[in-house]
Amino acid sequence: MREVTLSQIFNHHIAQKYLSRSGIVHAIACAYHAFKLAKIYDVSVDLATKAALLHDMGHYTWYRNGKWDYELYRKNDIHAIKGAERAHKLLIRLGENPIIAKEIALAILFHTDSYMPEAFSKRTPLQEIVKLADEMDEEQGGMHHYKKMDKEKSKKMIERLDQMVNEELKKHAIPDGFDPA
């Protein structure tokens, strides 16, 4: 059983604030990609979808001469650091298991190479899934952050993904009374 659902996260005013800045359409698309990838790589669909949904909530826009400057953003980017912090705080506030909240925050922290040093160590499978899910939805010049979607449609898509996660978790649940001895 999950402590916190995607719907609870998505509907929280803090998530709405930061997901709106980084692109709700992109966040939802990445969560769906992460669901599929988690099944393939045998990683928790719960953790993967949560991390992918929240992966860009640390975005900050970089402007030069009153215009968005993608190159300036890439040069100065620390959104994964800020996003990991914001996601962790939000998840704990919502009542998420602290161990799970930490794993999700780390997946967000390591989802991009944009600020990573050359000698970065290997990612965990969850961290790799969030990175891949993000890359699957990327568009030239960061345009994936500017797609729009009706609020009701986005809520329905999150609710559907919650159902998919619950169904997948039920498939892998240990039956009550199961004794492996």
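What's counted below: heavy atoms across the whole structure, side chains too, no hydrogens, waters or symmetry copies. Every value quoted in this text rests on a predicted model; they were computed, and no experiment measured them.
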(request) Could you walk me through whether Val45 and Lys39 pass side-chain contact (heavy atoms from CB on, under 4.5 Å), step by step? (result) CA-CA 7 Å; Val45 293; Lys39 287 175 56 175; 3.8 Å; yes

(request) Apply side-chain contact (heavy atoms from CB on, under 4.5 Å) to the pair Gln8 and His12, showing each step before the final yes or no. (result) CA-CA 6 Å; Gln8 288 172 303; His12 195 279; over 6 Å; no

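- Residue Asp42 qualifies as open at atom CG: its count of foreign heavy atoms under 6.0 Å is 12 or below.
- Going from atom CD1 of Ile108 over to atom CD1 of Ile81 covers 13.0 Å, rounded to the nearest 0.5 Å.
- Side-chain N or O atoms of His55 include one that pairs as donor or acceptor with a backbone N or O of Ala52 at under 3.5 Å.
- Looking only at side-chain heavy atoms (C-beta outward), Ile28 and Ser154 come within less than 4.5 Å of each other.
- Between the side chain of Gln16 and the main chain of Phe10, a donor-acceptor pair closer than 3.5 Å is present.
- Of the inter-residue distances, the one linking Cys30 atom SG with Leu54 atom CG reads 11.5 Å to the nearest 0.5 angstrom.
- Rounding to the nearest 0.5 Å places CD1 of Ile158 at 9.0 Å from CD1 of Ile9.
- Here the shortest heavy-atom pairing between Arg123 and Gln127 reads CA-OE1, 3.4 Å.
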(request) Applying salt bridge (charged side-chain N to carboxylate O under 4.0 Å, His left out), run through Glu168 and Lys171 and close with a yes or a no. (result) CA-CA 5 Å; Glu168 193 64 26; Lys171 289 181 191 175; 3.4 Å; yes

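- Between Met157 and Tyr32, the closest side-chain pair of non-hydrogen atoms falls below 4.5 Å.
- Atom CG of Leu106 and atom CG of Leu126 lie 9.0 Å apart (nearest 0.5 Å).
- Across all their heavy atoms, Ala27 and Leu19 have their closest contact at CB-CD2, 3.9 Å.
- The minimum heavy-atom distance between Ala107 and Ala51, with the atom names listed, is CB-CB, 3.9 Å.
- Residues Met164 and Phe35 are in side-chain contact: their nearest non-hydrogen atoms beyond the backbone lie under 4.5 Å apart.
- We find the CZ-OG1 distance between Phe110 and Thr124 to be 9.0 Å, quoted to the nearest 0.5 Å.
- Asp162 places no side-chain N or O within donor-acceptor distance of the main-chain N or O of Thr5, the cut-off being under 3.5 Å.
- Using a distance-only test at 3.5 Å, with no hydrogens or angles considered, no donor-acceptor pair links the side chain of Arg2 to the main chain of Asn166.
- Looking at His26 and Asp134, their side chains do bring a donor and an acceptor atom within 3.5 Å of each other.
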Show me the side-chain donor-acceptor pairs of residues 84-94 shorter than 3.5 Å, one per line, residues at least two apart or across chains.
from	atom 1	to	atom 2	distance (Å)
Glu85	OE1	Lys82	NZ	3.3
Arg86	NH1	Met57	O	2.8

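- Taken from CG in Leu37 to CD in Glu128, the straight-line distance is 9.5 Å, to the nearest 0.5 Å.
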(request) Would you check, one step at a time, whether the test salt bridge (charged side-chain N to carboxylate O under 4.0 Å, His left out) holds for Glu135 with Lys131? (result) CA-CA 6 Å; Glu135 290 171 353; Lys131 178 184 186 304; 2.3 Å; yes

Going by atom type alone, with no hydrogens or angles, which donor-acceptor pairs under 3.5 Å involve a side-chain atom of residues 95-105 and a protein atom two or more places apart or on another chain?
from	atom 1	to	atom 2	distance (Å)
Glu96	OE1	Lys50	NZ	2.6
Asn97	OD1	Ile99	N	2.7
Asn97	OD1	Ile100	N	3.3

